[in-house]
Amino acid sequence: MNRRVGAAMAALAALTACTNDADTPDPPATSTPDTSAVVTQCPDGLADALAAWGEAGFSGSITVSTAGEFDCRAAYGLADRATATPNTPDTVFSIGSVTKAFTAAAVADLVDSGQLDLGDRAGDVVDGLDGAVASVTVEQLLRHTSGLTGSHGQDHEPLDRAAAVAAIAELELAFEPGTDHLYSNAGYTLLALIVEEVSGSGFREYLASRVLPLPDGDVAGGFWDGEPAAPGPRAVGYLDGGPTEATGDFAGPHWALRGNGGLAMTTPELAVWTHALFTGQVVARGAAGDAGWVSHDASRYGEPFLTAAGGGGDIGHDVVALWVPRTEQVITVASNTPAITAEELLQAVGPALVTGEPVPAPDTSAVAADPEELAAAAGRYELPTAGSYTVAVRDAGLAITAHGPDAVAALFPPPRGVTSDDAAAHEDAVLSLLAGETQEGRDERALLASDIGAIRNVDLAGTITSEGELRTYVVVTAAEETIMLWYALDEHGGIAGAEGPTDPPTLLVRPSNDGAFRPDDPAGGGAATTVRFEDGDMTVSGPTGRTTARSAP
């Protein structure tokens with residue numbers, strides 16, 4: 001099996017909370033990456049400040065506009081390492097769950113025209129939809145208050161319309177509709193079904209004709225897979241050290257992603273569309289105009305703002321859009337590697353861009369590595385408990401892989417706002433899920449069994465925080481093989497993200513001028529972990545204390 005389900009709301013959480021990025025770092029490219037920027041309409045000071053982030057590892061595109069006029073369009077790094085093709089402002093990225101904002105606009109358009117009411121029940125609109133979900137309303141689906149939990153399909157596995165309706169009808173409700181909040185991809189696919197039923201045209205065709213057109217007559221992109229396709233050069237996504245296979249040639253049918261993902265465009269196109277949406281140029285009515293977006297108060301940026309974000313999927317792109325109502329400012333960022341993601345860049349530079357302060361520089365405190373020092377540190381280190389570390393030289397630094405819950409906990413301490421109790425509760429919930437204590441858990445066990453045979457045992461391998469979400473690693477032993485997976489769960493115990501098979505969590509560290517090694521974290525959002533090697537010991541120090549592992553014979 002090879003599965004990666006994105007938890008899109010994690011990107012939104014990353015804007016206001018610190019995170020550890022524990023994805024396996026990219027290996028060095030076969031040639032030195034071109035980190036030069038292609039910049040138009042960027043003031044010199046801003047161009048220089050953003051270029052420093054490109055040099056620190058950000059690969060992607062950023063656009064800033066105010067009142068519908070571009071302030072800055074810039075791009076950094078490579079869209080395709082194999083061909084040394086650079087990113088430009090015209091590079092197309094999959095926008096992932098930002099697609100939900102477009103789906104919400106399509107629904108609002110139908111409400112504006114009187115063809116649909118926010119109080120309409122899904123079962124009264126979609127032919128053949130039964131089960132508990134039939135009672136939820138359009139507004140509850142828009143606001144993620146329907147209670148719908150579980151997944152109706154995997155991103156790049158074929159799913160037709162009838163199968164999507166049947167799968168959604170079988171999903172459970174985590175709570176009485178309208179009484180709580182729970183993010184749901186399936187809920188937005190159900191909205192896409194509603195758009196088709198009410199409009200009498202295909203969902204993709206409706207978006208292309210009614211929602212994607214821009215005020216100037218251009219069109220905001222298209223779809224990553226299938227037609228109408230987003231025109232223009234595309235960025236290759238990179239995950240876990242290599243390019244992804246989701247390059248836009250998935251033939252479908254695409255109902256696993258329809259409505260909740262699937263769109264693609266450039267960051268300037270997304271910026272223009274965002275301004276048009278919030279100034280009434282996409283849909284006339286504002287009542288549902290912020291559906292698909294998350295509202296934030298003024299505590300972080302000095303201004304109330306809204307965000308939409310998408311990432312964590314198998315395409316390898318991360319995209320975030322920010323709207324500041326008072327100034328009509330838009331910031332859109334897209335990335336195609338995990339080195340510095342779009343959310344991490346926005347977290348670092350967003351407050352300055354909104355307030356007009358100087359953009360902060362990335363953390364480049366690491367010193368040049370001594371090859372002999374790196375080679376001497378490489379090897380295996382054992383904890384007094386069963387945990388251990390494997391240290392390897394990688395990309396002028398050290399890649400430290402943690403094996404076992406104790407090793408993971410020391411190397412990846414929880415960031416600010418997350419406690420060890422939170423991690424323990426998440427682990428308990430993952431183990432309960434894989435024990436089949438819920439219908440979603442039983443479905444997950446059946447899915448695993450279909451790939452690797454009957455499950456014999458599930459062992460905890462540790463929990464980290466990455467991309468704004470808790471991820472619990474487990475080792476699943478089955479009749480035919482043993483694999484490692486990670487799961488991210490929502491607040492009601494449903495699967496928000498998963499990947500498997502995967503490698504144990506790995507942290508890239510670089511030497512500093514005090515003789516220690518620290519995480520390669522230019523955005524400065526991770527925990528303050530310090531690693532030292534001395535007399536055959538590897539000592540990991542952080543907010544939760546100090547742990548020492550001995551060099552294995």
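- When all heavy atoms are compared, the tightest approach of Ala105 to Val282 is CB-CG1, 4.3 Å.
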Margin query: Apply side chain to side chain contact (heavy atoms under 4.5 Å, CB included) to residues Leu508 and Arg510 and explain how you reach the verdict.
Written below: CA-CA 7 Å; Leu508 180 64; Arg510 298 189 185 280; 3.6 Å; yes
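- At least one donor-acceptor pair under 3.5 Å links the side chain of Arg300 to the backbone N or O of Gln347.
- To the nearest 0.5 angstrom, Leu353 atom CG is 8.0 Å from Leu346 atom CG.
- Closest of all the heavy-atom pairs between Pro325 and Pro304 is CD-O, 3.3 Å.
- With values rounded to the nearest 0.5 angstrom, His317 atom NE2 is found 9.5 Å from Thr91 atom OG1.
- Side-chain contact between Leu489 and Glu427: absent, with no pair of heavy atoms (C-beta onward) separated by less than 4.5 Å.
- Ion pair Asp80/Arg234 not flagged as a salt bridge, since none of the NZ, NE, NH1 or NH2 atoms sits closer than 4.0 Å to an Asp/Glu carboxylate oxygen.
- Once rounded to the nearest 0.5 Å, the distance linking CZ of Phe93 with CG of Leu263 reads 15.5 Å.
- With no hydrogens or angles considered, no side-chain donor-acceptor pair links Asp90 and Thr88 at under 3.5 Å.
- Atom CG of Asp44 has 12 or fewer neighbouring heavy atoms from other residues, nucleotides or ligands inside a 6.0 Å radius.
- In this structure, the side chain of Asp216 engages the main chain of Asp218 through a donor-acceptor pair within 3.5 Å.
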Note to self: I'd like to know whether Val354 forms a side chain to side chain contact (heavy atoms under 4.5 Å, CB included) with Gln329, so could you lay out the CA-CA distance, the side-chain angles of the two residues, the decisive distance to 0.1 Å, and finally the verdict.
What the structure shows: CA-CA 8 Å; Val354 171; Gln329 185 182 45; 3.5 Å; yes
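- You'll find the side chain of Thr85 stays beyond 4.5 Å of the side chain of Leu78, heavy atoms only.
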Item checked: Candidate pair Leu398 and Leu374, rule side chain to side chain contact (heavy atoms under 4.5 Å, CB included), full reasoning -> CA-CA 7 Å; Leu398 295 174; Leu374 296 179; 3.8 Å; yes
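- Using cut-offs of 30° and 60° on the angle between ring planes, the pair Phe102 and Trp273 is parallel.
- No side-chain N or O of Asp421 forms a donor-acceptor pair with one of Thr419 less than 3.5 Å apart.
- No side-chain donor-acceptor contact under 3.5 Å links Arg546 and Ser541.
- In this structure a side-chain-to-backbone donor-acceptor pair under 3.5 Å is present from Asn336 to Val236.
- Residues Leu142 and Tyr188 are in side-chain contact: their nearest non-hydrogen atoms beyond the backbone lie under 4.5 Å apart.
- No hydrogens or angles considered: a donor-acceptor pair under 3.5 Å links the side chains of Thr279 and Gln281.
- The closest side-chain heavy-atom distance from Phe223 to Leu207 is below 4.5 Å.
- Taking the charged nitrogens against the carboxylate oxygens, Arg518 and Asp363 have no contact shorter than 4.0 Å, which rules out a salt bridge.
- When all heavy atoms are compared, the tightest approach of Ala402 to Pro504 is O-CB, 3.4 Å.
- A donor and an acceptor atom, one from each side chain of Lys100 and Ser97, are located under 3.5 Å apart.
- Proximity of a side-chain donor or acceptor of Ser512 to a complementary backbone N or O of Ala516 within less than 3.5 Å is detected.
- Residues Asp514 and Arg532 are paired through a salt bridge, judged by an N-O separation under 4.0 Å between the basic side chain and the carboxylate.
- Checked against the 6.0 Å centroid threshold, Tyr487 and His426 do not count as a close aromatic pair.
- Interatomic distance, CG of Leu345 versus CD1 of Ile340, reported as 7.0 Å (0.5 Å rounding).
- The two residues Leu50 and Cys72 make their nearest non-hydrogen contact at CD1-SG, 3.9 Å.
- When atom types are taken as modelled, the side chain of Asn260 and the backbone of Thr189 share no donor-acceptor pair closer than 3.5 angstrom.
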Check: Should Thr401 and Thr506 be marked as a side-chain hydrogen bond (donor to acceptor under 3.5 Å, both in side chains) after you check the CA-CA gap, both sets of side-chain angles, and the distance that decides it?
Finding: CA-CA 4 Å; Thr401 301; Thr506 298; 2.9 Å; yes
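- Between the CH2 atom of Trp53 and the CD atom of Glu344 there is a distance of 9.0 Å, given to the nearest 0.5 Å.
- For His296 and Tyr301, the ring centers are positioned 6.0 Å apart or more.
- At distances below 3.5 Å, not a single donor-acceptor pair connects side-chain atoms of Ser65 with backbone N or O atoms of Gly68.
- Of the N and O atoms on the side chains of Thr463 and Thr472, at least one donor lies less than 3.5 Å from an acceptor on the other residue.
- The closest donor-acceptor contact from the side chain of Trp224 to the backbone of Ala246 lies under 3.5 Å.
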Note to self: Determine whether Glu303 and Thr355 satisfy the following criterion, side chain to side chain contact (heavy atoms under 4.5 Å, CB included), listing intermediate values before the conclusion.
What the structure shows: CA-CA 8 Å; Glu303 293 272 1; Thr355 61; over 6 Å; no
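- Residues Val324 and Thr327 meet the side-chain proximity criterion, which asks for heavy atoms closer than 4.5 Å.
- Proximity of a side-chain donor or acceptor of Tyr389 to a complementary backbone N or O of Ala407 within less than 3.5 Å is detected.
- Between Pro414 and Thr544, the closest heavy-atom pair is CD-CG2, 4.3 Å.
- The CZ atom of Arg471 sits 13.0 Å away from the CG atom of Leu485 when rounded to the nearest 0.5 Å.
- The minimum heavy-atom distance between His492 and Asp490, with the atom names listed, is N-OD1, 2.8 Å.
- In this structure, the side chain of Tyr238 does not engage the main chain of Ala339 through any donor-acceptor pair within 3.5 Å.
- In this structure the side chain of Ser59 never reaches within 4.5 angstrom of the side chain of Tyr76, judged on heavy atoms.
- Two residues are said to be in side-chain contact when any heavy atoms from C-beta on lie closer than 4.5 Å; Val138 and Val107 meet this criterion.
- With contacts defined as side-chain heavy-atom distances shorter than 4.5 Å, the pair Asp520/Val509 does not qualify.
- Looking only at distances, no side-chain donor or acceptor of Asp290 sits under 3.5 Å from a matching main-chain atom of Trp293.
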